[in-house]
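To start, the structure under review is shown below, and the notes come after it.
One is the number of the first residue; the rest follow in order along the sequence. Computed from heavy atoms alone, side chains included, the values below leave out hydrogens, waters and symmetry copies.
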Amino acid sequence: MDNQAFMDNVQTIANLVLVWVGFGTLVGLLAKAIMPGRDPGGAVATLAMGVAGTVIGCGVVSYFWQGHIVSPISPLGFCVATAGAFVLLFFYKLLGGYYFVEGSGPLVPRRRMFMRGRQPASVVYEDNR
C-alpha cells in the first residue's frame, strides 16, 4: 500500500468518525428534547446515546426489513436513530431511579412551592416478625 492510498483511507475514516460524532450529537439532543423532565448526563453522554441509538435503531430496522440496509444519514435513518436514542434515554432514566423509588409507587415529578429547603419525609420500613 503506497502513501497516497494510506492517506486516503485515513481521510475516509476521519470523515466517517466526524460524521458519526455530529450525527450522534444531533440525534441525542433531539431525543433529550422530546423526553420530558430533567435529563441526566452531559455532552459526552448525549453523544454516546445518539451514536448507540443510531446503531440500535438502524440495526432493528435492517433486521426486520430483510435485504435493506438503512443509512443513518437519511430521513428514515434519522427517525429510527432518534427513536433508538429515545428508548435508550428512557431505560437510562428508568434504571437510574428517575421514575420509581424503591418501596413506593411511581413518582410524579412536580414542583413543590412551599417546601423550599425541606426534604420530603422518607419512607420507614418496619419488620413485623
Is it true that Leu30 and Val19 fall in one hydrophobic cluster, defined by side-chain heavy atoms closer than 4.5 Å? yes
Solution key, residues 47-64 side-chain donor-acceptor pairs under 3.5 Å, sequence neighbours excluded:
{"unit_1": "Thr54", "atom_1": "OG1", "unit_2": "Gly50", "atom_2": "O", "d": "2.7"}
{"unit_1": "Ser62", "atom_1": "OG", "unit_2": "Cys58", "atom_2": "O", "d": "2.9"}
{"unit_1": "Ser62", "atom_1": "OG", "unit_2": "Val70", "atom_2": "N", "d": "3.4"}

Taking side chain to side chain contact (heavy atoms under 4.5 Å, CB included) as the definition, give me every residue that meets it alongside Phe91, ordered by chain and number, with sequence neighbours left out. Val87, Leu94
Quick one: pull up CE in Met35 and CZ in Phe86 and give me the separation to the nearest 0.5 Å. 4.0 Å
Group every Ile, Leu, Val, Met, Phe, Trp and Tyr by side-chain heavy-atom contacts under 4.5 Å, then state whether Phe23 and Val21 land in the same group. no
Please collect all side chain to side chain donor-acceptor pair (under 3.5 Å) contacts where either partner lies in residues 13-24, sequence neighbours excluded, each pair once. none
With side chain to side chain contact (heavy atoms under 4.5 Å, CB included) as the test, pick out the partner of Thr46 among Leu29, Leu26, Val27. Leu29
